[in-house]
*Asks:* 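Supplied in structure tokens, the structure appears directly below.
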Amino acid sequence: MTSKHRPCDGRPFVKMHGLRNHFVIIDARCAPYTPSTAEITHICDVQVGVGGDQLLIIAPSARADASLRILNTDGREVGACGNATRCAAWLLMEEAGTDAVTLETGAGILHCTLEGPLEVSVQMGRITHDWRAFPLAREVDTLDLPIAHGALAHGIASWIGNPHVTFFVLDLPALDVAALARPVFDDPLFPQQVNVGLTEVLDPALIRLQVYERPGMLTAACGTGACVAVRAAQIRGLVDMGGPVQVQMGAGAVTVTVGEDASAVMTGPVACSFRGYLPRDIESTI
């Protein structure tokens, strides 16, 4: 991570985005980094810090090429984020001059490959619908959730390193997604809240998606949300089983393939925004 600034100016970072899902990435392989919640919030606040949807920390791993910690703006660590994984993987492959890398995440070891100059494919692992993985407040049928809020009903709950609920709707662009999703997000069934995806199936190989994500915001794209939306559509018989499905989101599209064993592979773009250094005295500014 190079810059015109001197290393003593602070800790280096790279800002990247995957379909406008923005990340501040810190390389902690040589110098450990354990930011406080206040520091994470400050860094991710575009008004006072770098600005980002999540803070990513790349660290050493004994099981993979590197480990990846994914921290939400409220300091909560999550196990998986498809867009984040693509960005971190691209950064490591660019550094090493390779076309493949493995990352140890909260969702397990993820295998990533370079598919084009700025396109990365990630084996996201197996999607499960076990109610204990979330956790949920009680045992329920996760393939037909016993909750209904307005136009949203018959949701499918899925786990892919983080919790999702997928609902199928008509005419997604006409809907107020935040207003519809917020009651589900806060439903007592989800004691740690949940990512809420609204999905419109356009044809057997094309769907449209909008996700209301933890900690409570709409984002322009969600990689894990795209994977579980395709799996949910397979379960309902709405898309082709095992074939690639293009998932259109506000910032662009990813391609998702979910096999018969429910293992998902996602391919999509990445972009490098800029590089810099965090202030050495960042904690004193909070």
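Heavy atoms only: backbone and side chains are in, while hydrogens, waters and symmetry mates are out.
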*Asks:* What heavy-atom pair brings V254 and L19 nearest, and what distance separates the two atoms?
*Replies:* CG1-CD1, 3.6 Å

*Asks:* Under a plain distance cut-off of 3.5 Å, with no hydrogens placed, do D53 and H22 share a side-chain donor-acceptor pair?
*Replies:* no

*Asks:* Can you check whether L206's main-chain N or O pairs, donor with acceptor, with D203's side chain at less than 3.5 Å?
*Replies:*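 At least one qualifying donor-acceptor pair exists.
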
*Asks:* Do the non-hydrogen side-chain atoms of H129 and R231 ever get within less than 4.5 Å of each other?
*Replies:* yes

*Asks:* Should the ring pair F13 and F274 be called parallel, tilted or perpendicular, given that the plane angle runs from 0 to 90° and is split at 30 and 60?
*Replies:*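 Judged by the thresholds at 30° and 60°, the geometry between F13 and F274 is perpendicular.
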
*Asks:* What closest approach, in Å, do L209 and A229 show between heavy atoms, and which atom pair accounts for it?
*Replies:*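 Looking at all heavy atoms of both residues, the closest pair is CD1-CB, 4.2 Å.
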
*Asks:* Atom CZ of residue position R236 - does it have more than 12 heavy atoms of other residues, nucleotides or ligands inside 6.0 Å?
*Replies:* yes

*Asks:* Between P163 and N195, which heavy-atom pair has the shortest distance, and what is it?
*Replies:*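 Shortest heavy-atom separation between P163 and N195 comes out as O-ND2, 2.9 Å.
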
*Asks:* At their closest point, which heavy atom of V122 faces which heavy atom of R86, and how far apart are they?
*Replies:* CG2-CG, 3.7 Å

*Asks:* Verify, without hydrogens or angle tests, whether E200 (side chain) and L172 (backbone) share a donor-acceptor contact under 3.5 angstrom.
*Replies:* yes

*Asks:* With side chains defined as the heavy atoms from C-beta onward, is the minimum distance between P35 and R11 less than 4.5 Å?
*Replies:* no

*Asks:* Under the side-chain hydrogen bond (donor to acceptor under 3.5 Å, both in side chains) rule, what do S121 and T267 come out as? Steps first, then yes or no, please.
*Replies:* CA-CA 4 Å; S121 179; T267 303; 3.2 Å; yes

*Asks:* Going by distance alone, is a donor N or O of one side chain under 3.5 Å from an acceptor N or O of the other, for E104 and T102?
*Replies:*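 No donor-acceptor contact under 3.5 Å links the two side chains.
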
*Asks:* Within a strict 4.5 Å, meaning less than it, do heavy atoms of the V258 and V245 side chains meet?
*Replies:*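 No. Closest side-chain heavy atoms not under 4.5 Å.
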
*Asks:* Quick one: does T219's side chain get under 4.5 Å of N83's, heavy atoms only?
*Replies:* no

*Asks:* Between R214 and Q192 (side chain of the first, backbone of the second, donor and acceptor by atom type, cut-off under 3.5 Å), is there such a pair?
*Replies:* yes

*Asks:* Spell out, as yes or no, whether a donor-acceptor pair under 3.5 Å connects the side chain of W131 to the backbone of A137.
*Replies:*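 Answer holds: no.
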
*Asks:* Measure from the side-chain N and O atoms of D130 to the backbone N and O of R132, and report whether any donor-acceptor pair falls under 3.5 Å.
*Replies:* yes

*Asks:* Evaluate the criterion side-chain hydrogen bond (donor to acceptor under 3.5 Å, both in side chains) for residue pair H164 and T224; output intermediate values, then yes/no.
*Replies:* CA-CA 8 Å; H164 287 267; T224 54; 2.9 Å; yes

*Asks:* Can you confirm whether V120 sits close enough to T113 that some side-chain heavy atom of one is under 4.5 Å from a side-chain heavy atom of the other?
*Replies:* no

